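Everything quoted here is computed from the prediction, not taken from an experiment. The figures here come from the full heavy-atom set of this structure, side chains too, leaving out hydrogens, waters and symmetry mates. Note on naming: letters A, B, ... go to the chains in the order of the sequence lines (proteins, then strands), and numbering restarts at 1 for each one.
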Protein chains: 2
Amino acid sequence: MPITIKQIAKKANVSIATVSRALSGDSKVREDTKKLVLKIAKQLNYNPNILARNFVKGKSNIIGLVLPDISDEYFSEIIRSIDDTSYLNGYYTMVMSSHENRSLTESINTMMNSGIVGGFILLIPFINSEIKKALNSGSVPFVLISGDDDIGDFDVVTTDNYQSAFRMVEFLVVKGYKKIAHISGPPDNNDASLRKKGFLNACSKYKIDVKKSWLAKGNFTMESGEKACSKLLNEKEKPDVIFAANDMMALGCYKAIHSIGLKIPVDIAITGFDDILISEYANPSLTTIRVDTDRIGKVAAERLIEKMNGSINKTIQKKEIASQLVIRSSC
Amino acid sequence: MPITIKQIAKKANVSIATVSRALSGDSKVREDTKKLVLKIAKQLNYNPNILARNFVKGKSNIIGLVLPDISDEYFSEIIRSIDDTSYLNGYYTMVMSSHENRSLTESINTMMNSGIVGGFILLIPFINSEIKKALNSGSVPFVLISGDDDIGDFDVVTTDNYQSAFRMVEFLVVKGYKKIAHISGPPDNNDASLRKKGFLNACSKYKIDVKKSWLAKGNFTMESGEKACSKLLNEKEKPDVIFAANDMMALGCYKAIHSIGLKIPVDIAITGFDDILISEYANPSLTTIRVDTDRIGKVAAERLIEKMNGSINKTIQKKEIASQLVIRSSC
DNA sequence: ATATATAATGTAAACGTTTACATTGCTGTT
DNA sequence: AACAGCAATGTAAACGTTTACATTATATAT
């Protein structure tokens with residue numbers, strides 16, 4: 001019982017083709033017929049059947065968004081950012097979380113083959129050959145959002161993990177720190193390894209001697225940060241600052257440090273990476289790196305829409321979104 | 001160029017109707033034809049065109065999810081939970097954020113009239129007559145997720161704001177606190193007013209004398225909590241515990257208290273509401289109330305799917321999801 | 001006024017699937 | 001062997017929109 005162009009056509013005494021043209025606006029329709037059709041459409045509260053439109057056009061104006069198997073505080077920001085951008089360009093956003101019941105490849109296959117989306121964005125913490133294969137199996141355009149752009153011949157939007165970690169070290173060096181420790185993230189995580197690499201290369205550039213025992217291992221959890229920090233504090237030569245590969249581990253360091261009565265940043269300084277909500281309010285507030293999630297979503301969506309429109313640029317594009325050093329009181 | 005049932009039909013030497021029936025499984029098709037069709041479908045890597053299916057069936061298996069104009073850390077959990085439930089029932093999830101560019105009513109109208117979704121869930125912090133009107137304007141089923149179930153004749157899933165606030169006070173009373181202050185949230189926010197109501201009624205039941213000056217006003221931000229707390233600390237008769245209507249304000253209290261050198265919970269105790277990520281890691285960890293977002297999403301999605309399937313229960317359902325008191329070190 | 005070009009509109013097919021209805025094939029009963 | 005009854009399959013229409021192509025109306029040039 002929703003209004004269709006047929007009813008408009010009848011009421012306006014024109015053919016459905018004219019109605020369609022008047023509504024889509026781009027074809028040649030006489031000004032007054034167009035006005036009439038628009039008026040009647042409005043009057044009847046007509047809304048185009050999007051499913052029918054997508055179906056007949058053979059392409060969908062729905063953008064798929066594949067989320068990985070983890071809950072992350074910044075996902076809702078990315079989702080919102082992508083949805084905003086999509087909306088402004090006349091697209092809708094469909095989410096698809098991967099989890100125990102639905103694997104990532106299954107999600108990709110649905111995106112590729114069901115026709116339900118015209119393109120998709122994949123939030124992907126790591127890549128493997130199975131995923132690559134799935135991504136190469138179809139012709140639906142997509143863009144990746146990842147921590148690493150070295151993941152094959154795909155369009156990808158990344159954070160500048162390496163650069164930011166590098167700059168963090170530079171900042172610490174300028175501040176006068178000499179003994180810098182690092183707590184790294186999971187070894188199979190791209191963000192983690194790039195941050196570590198940035199750390200190491202910066203240290204090497206600025207002639208900071210990194211003791212092996214100062215390269216602690218964590219897994220991005222607060223607990224692992226706490227544990228790693230305790231270990232560092234037990235070294236006979238203690239670092240004077242710890243650069244954790246993410247904020248959660250940095251806050252774990254807070255715990256370890258406070259528990260033995262030391263003070264940040266007086267006794268030891270801490271820095272993190274991510275600028276999660278809590279970091280601003282921690283005591284002391286945490287110096288860290290803010291990822292521009294808003295921009296990441298926007299850039300990814302814009303690039304995807306470009307591809308969906310079949311516009312010019314066919315070459316693979318790697319876009320790195322700059323993060324920002326957020327200087328607070330922890331160092 | 002995606003595979004269609006036509007190609008399967010040709011290859012299997014049957015009509016497209018038989019293919020359709022074999023694939024949908026529910027009609028009477030001979031066992032061996034069914035097997036043959038399924039085999040060929042698999043072999044050709046057939047995926048049904050969902051747009052076409054939805055279109056011809058006149059209904060969509062996409063569930064819309066309308067998000068309000070705020071970024072909230074628990075949204076990604078709700079989104080995930082809804083998507084999980086949808087997926088398990090054969091549905092997809094489409095998000096639609098409301099914001100400056102797209103009003104809430106506009107989102108509702110799209111959901112109602114474009115045919116793109118078969119039903120939708122509305123995350124809604126408050127309701128007004130314009131929204132009510134929009135909701136009453138169509139025939140697409142929907143479910144609300146709100147802080148208050150007293151928002152008209154709609155299916156709604158709520159948190160038990162009132163009950164939980166009530167129980168928080170009970171808990172504080174049992175703990176021996178006598179002078180309880182409250183920092184309320186925005187006056188037009190349902191969650192906020194129900195929490196305040198629960199607080200007041202519990203105080204009244206347990207004969208807790210609530211001084212007028214102990215009813216501070218905030219707006220859910222950390223700053224407002226800090227300010228309200230400072231004011232409370234300047235009263236000649238200070239409360240011995242402050243129950244903030246949300247965690248952010250509770251953490252604002254932390255700031256105010258620490259800044260003048262007092263200790264929590266020794267000098268004054270604090271409790272919150274929401275159990276945001278940061279609360280567990282605050283110092284001291286915050287006693288608060290955890291909203292079961294996972295369950296909220298699941299229940300809302302299940303109820304919506306029930307309605308979309310046109311199953312039995314047509315009467316309005318108000319479902320209140322129980323929250324959990326999380327006892328930590330701040331009181 | 002006529003011919004021509006072009007603008008406006010109409011006609012009808014197409015998209016992939018489901019499904020009401022029609023037809024065919026098979027089984028068992030007499 | 002004839003027929004009923006039902007199971008299996010086929011035929012074709014339908015869904016709402018767009019769009020290639022056909023037709024008609026209008027404007028322009030002669």
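With hydrogens and angles left out, the side-chain atoms of B:S107 and B:T110 include no donor and acceptor closer than 3.5 Å. For B:E302 and B:T85, the side-chain atoms include no donor-acceptor pair closer than 3.5 Å. No donor-acceptor contact under 3.5 angstrom links the side chains of A:S114 and B:N47, judged on distance only.
The interatomic distance linking A:I16 (CD1) with D:dA20 (C1') rounds to 14 Å, in whole Å. Protein atom CZ of B:R30 is 8 Å distant from nucleotide atom P of C:dC26, rounded to whole Å. If you measure from atom CG of B:N61 to atom C1' of C:dT18, you get 14 Å, rounded to the nearest angstrom. Between A:K6 atom NZ and C:dT11 atom C1' there is a gap of 14 Å when expressed in whole angstrom units. Rounding to whole angstrom units, CG of residue A:L23 and P of C:dT9 are separated by 13 Å. Between A:I116 atom CD1 and C:dT17 atom C1' there is a gap of 14 Å when expressed in whole angstrom units. Regarding B:K59, its NZ atom lies at a distance of 12 Å from the P atom of C:dT18, rounded to whole Å. The separation between B:K10 atom NZ and D:dG10 atom C1' is 18 Å, rounded to whole Å.
The heavy-atom pair separating A:F75 from A:L123 by the smallest distance is CE2-CD2, 4.2 Å.
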Fill in: salt bridge (Lys or Arg N to Asp or Glu O under 4.0 Å) evaluation trace for B:E130 with B:K133
CA-CA 5 Å; B:E130 189 193 353; B:K133 197 178 149 200; over 6 Å; no
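Residue B:L51 is classed as having no contact, given no heavy-atom separation below 4.0 Å to the nucleic acid. As judged by a 4.0 angstrom heavy-atom cut-off over every strand, A:T18 is placed among residues touching the sugar-phosphate backbone only. Within 4.0 Å of A:D32, counting heavy atoms only, lies no atom of the nucleic acid at all.
Side chain of A:K57, nearest nucleotide from D:dT19, C:dT18, C:dA14: D:dT19. In the set C:dT9, C:dG16, D:dT17, the nucleotide with an atom closest to the side chain of A:R21 is C:dT9. For A:T4, the side-chain atoms get nearest to D:dG16 when compared with the rest of C:dT17, D:dT9, D:dG16. Taking only side-chain atoms of A:I5, from C-beta outward, the nucleotide of C:dA12, C:dT19, D:dT17 with the closest atom is D:dT17. You'll find that the side chain of B:A52 is closest to C:dG16, out of D:dG16, C:dG10, C:dG16. The nucleotide whose nearest atom lies closest to any side-chain atom of B:V14 is, among D:dG10, C:dA8, C:dA14, D:dG10. Listed candidates were D:dT19, D:dG10, C:dT17. Nearest to the side chain of B:R53 is C:dT17. Minimum atom distance to the side chain of B:P48 is reached by C:dT17, of the listed D:dC15, C:dT17, C:dT9.
Note on B:S15: every side-chain N or O is 4.0 Å or more away from OP1 and OP2 of D:dT9. Put simply, A:T33 has no side-chain N or O that comes within less than 4.0 Å of OP1 or OP2 on C:dA8. Between B:Y46 and C:dT17 there is a side-chain polar atom (N or O) within less than 4.0 angstrom of OP1 or OP2.
A salt bridge between B:K132 and B:D153 is absent, with no side-chain N of the basic residue lying under 4.0 Å from a carboxylate O of the acidic one.
Both B:K34 and B:V56 sit near DNA chain D, but only B:K34 has its closest nucleotide nearer the 5' end.
Per the stacking criterion (ring centres < 5.5 Å, plane angle < 30°), A:F55 stacks onto the base of C:dC15.
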